[in-house]
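The structure appears below as structure tokens.
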2 protein chains.
Amino acid sequence: MTDRAIGRGFKRSELARQTGSNLETVRYYEKIGLLPEPPRSANDYRVYSEAHVRRLRFVMRGRELGFSIEEIRGLLELVDGGKQTCAEVKERTEHHLSDVRAKIADLRRIEKILAQTAAQCSGDAIPECPILDALSSYPDVGDAGHR
Amino acid sequence: MTDRAIGRGFKRSELARQTGSNLETVRYYEKIGLLPEPPRSANDYRVYSEAHVRRLRFVMRGRELGFSIEEIRGLLELVDGGKQTCAEVKERTEHHLSDVRAKIADLRRIEKILAQTAAQCSGDAIPECPILDALSSYPDVGDAGHR
DNA sequence: CTTGAGCCTGTAGTCACTACAGACATTATC
DNA sequence: GATAATGTCTGTAGTGACTACAGGCTCAAG
């Protein structure tokens, strides 16, 4: 395969390479309708263009930012609608932002407990371990401030 | 079923209620060997004791703190071993702590970008939306500092 | 004595992929 | 030009950590 750099139209492996995605993930996204089914060459190979690269990058970036597949589908619908309301996108982003902030808060609570218990631990080979005690007997920590 | 408060020995639903876990999750944990198979009463019902409550709480707390099932299995082995080395537990906790801190760092990066792009957004019904632009064309953000 | 809840089992569905098996196509090497 | 290695195609199964459901039993209440 020497067509790696031939002007327009490349194969799945090249799309994956350009975007840093997994080969199979591309097929998966097409199956669930997140990416369009690309045209096929005579040998039934998928043929991609720059537009596909852009769309896949959009999806991947959304995933990196923690949007779910369905959330990304929603964003793409706004994009595809043409007359995308910036307000709508903003609202969804802000909603997602509050989700992310809640996750951070949860993790920071966890971090605190882990750090505390690790610090209390002597590191000796004694049967009493504050970390295990913490795991066993701390009262519910998971409930504070959860939606 | 009025035996809700009968001294020793209760059913699965009561175990779930006491721990706040899902009924099916209990069975799942037993299936994968994270919880011991409890004794059965004449009618083949599972019979639990306080020890089961404690062990399930340990598991649940570990999950809340973001330990994987296998990590919890490892911690339980240390507990069950009797001669648990505190040092070993400490090491695992600290390893997990750095995982949690990495996750927090990732999320804060995401938070920043989401907040920035949402702030840039006018909220008008214009076709050009900075959030969509950001999703489409920001360079790789996911790579910095990743293990 | 029937109704309904609660428990039992195994199995399927979830999410977002990832991997594999087997068939055909293409490309590289001898 | 034969052969071997790689690449692509398809459908399907496996992952982790559950969750839900179907169908069958037991049990207590009305």
Side-chain angles (χ1 to χ4, degrees), chain A residues 1-6 9-35 37-48 52 56 58-76 96 99 103 142, chain B residues 1-6 9-35 37-48 52 56 58-76 96 99 103 142:
Chain A
M1 307 241 162
T2 34
D3 56 355
R4 217 172 298 160
I6 286 181
F10 33 83
K11 307 202 192 104
R12 192 152 57 110
S13 62
E14 176 62 12
L15 175 65
R17 199 196 56 75
Q18 277 195 38
T19 56
S21 77
N22 182 300
L23 201 66
E24 299 284 24
T25 306
V26 174
R27 195 160 63 104
Y28 171 71
Y29 284 163
E30 285 163 9
K31 198 172 100 189
I32 63 170
L34 213 55
L35 298 181
E37 291 280 352
R40 303 292 180 113
S41 60
N43 53 15
D44 214 31
Y45 287 8
R46 290 166 176 84
V47 179
Y48 297 98
H52 292 97
L56 178 51
F58 184 99
V59 171
M60 290 177 70
R61 176 125 187 93
R63 294 291 299 131
E64 274 170 22
L65 292 181
F67 286 94
S68 75
I69 294 286
E70 290 315 310
E71 285 168 332
I72 291 169
R73 198 190 296 280
L75 289 172
L76 282 171
H96 186 58
D99 280 0
K103 260 189 206 166
Chain B
M1 308 243 163
T2 34
D3 57 356
R4 216 173 296 159
I6 285 181
F10 33 83
K11 305 203 194 102
R12 191 152 56 110
S13 61
E14 176 62 13
L15 176 66
R17 200 195 57 74
Q18 277 194 39
T19 56
S21 77
N22 182 301
L23 201 67
E24 298 284 24
T25 306
V26 174
R27 194 160 64 105
Y28 171 71
Y29 284 162
E30 283 163 10
K31 199 173 96 190
I32 64 170
L34 211 58
L35 298 181
E37 291 279 353
R40 303 292 179 113
S41 59
N43 53 14
D44 214 30
Y45 287 7
R46 290 167 177 83
V47 179
Y48 297 99
H52 292 97
L56 178 51
F58 184 99
V59 172
M60 289 178 71
R61 175 127 188 94
R63 294 291 300 131
E64 274 171 22
L65 292 181
F67 286 94
S68 75
I69 293 286
E70 290 316 310
E71 283 168 334
I72 291 170
R73 198 190 297 279
L75 289 172
L76 282 171
H96 186 59
D99 279 0
K103 259 188 208 167

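Below, chain A is the first sequence line, B the second, and so on; all start at residue 1. Note: hydrogens, waters and symmetry copies are ignored here, and every other heavy atom, side chains too, is used. Fair warning: this is a prediction, and the values are worked out from it, not measured in the lab.
Contact annotation: B:Thr25 reaches the phosphate of D:dT19 (side-chain N/O to OP1 or OP2, under 4.0 Å). Under 4.0 angstrom from either OP1 or OP2 of D:dT26 there lies no side-chain N or O belonging to B:Arg40. Phosphate proximity of C:dC15 to A:Ser68: absent, as no side-chain N or O sits under 4.0 Å from OP1 or OP2. The side chain of A:Tyr29 contributes an N or O atom lying less than 4.0 Å from OP1 or OP2 of C:dC17. Put simply, A:Asn22 has a side-chain N or O that comes within less than 4.0 Å of OP1 or OP2 on C:dA19.
Between B:Glu14 and B:Lys11, no side-chain nitrogen of the basic residue sits less than 4.0 Å from a carboxylate oxygen of the acidic one, so the salt-bridge criterion is not met. A:Arg27 has no carboxylate O lying under 4.0 Å from a charged side-chain N of A:Glu30, or vice versa, which leaves the two without a salt bridge.
As a whole-Å value, the separation of B:Arg27 CZ from C:dT11 C1' is 9 Å. For the pair A:Met60 CE and C:dA16 C1', the interatomic distance rounds to 13 Å; values are reported in whole Å. Regarding A:Asn43, its CG atom lies at a distance of 14 Å from the C1' atom of C:dA23, rounded to whole Å. Following rounding to the nearest Å, B:Arg17 (CZ) and C:dA5 (P) show an atom-to-atom distance of 19 Å. Nucleotide D:dC9 holds its C1' atom 11 Å from the OH atom of A:Tyr48, rounded to whole Å. For B:Glu30 and C:dC7, the CD to C1' distance is 13 Å, given to the nearest whole Å. Taking atom OH of residue A:Tyr45 and atom P of nucleotide D:dG7, one finds them 11 Å apart after rounding to whole Å. Here C:dA12 presents its P atom at 12 Å from NZ of B:Lys31, a figure rounded to the nearest Å.
Applying the 3.5 Å distance criterion, the base of C:dC15 shares no donor-acceptor pair with the side chain of A:Glu70.
Looking at heavy-atom distances under 4.0 Å, B:Arg46 makes contact with sugar-phosphate atoms alone, never a base.
Annotation: the span from A:Glu70 atom CD to A:Leu34 atom CG amounts to 8.0 Å, rounded to 0.5 Å.
Put simply, the side chain of B:Gln18 does not reach to within 4.5 Å of the side chain of B:Tyr48, judged on heavy atoms. With a 4.5 Å cut-off on side-chain heavy atoms, B:Leu76 and B:Val59 count as touching.
Where A:Glu24 and A:Ala42 each meet DNA chain C at their nearest nucleotide, the meeting point lying more 5' is that of A:Glu24.
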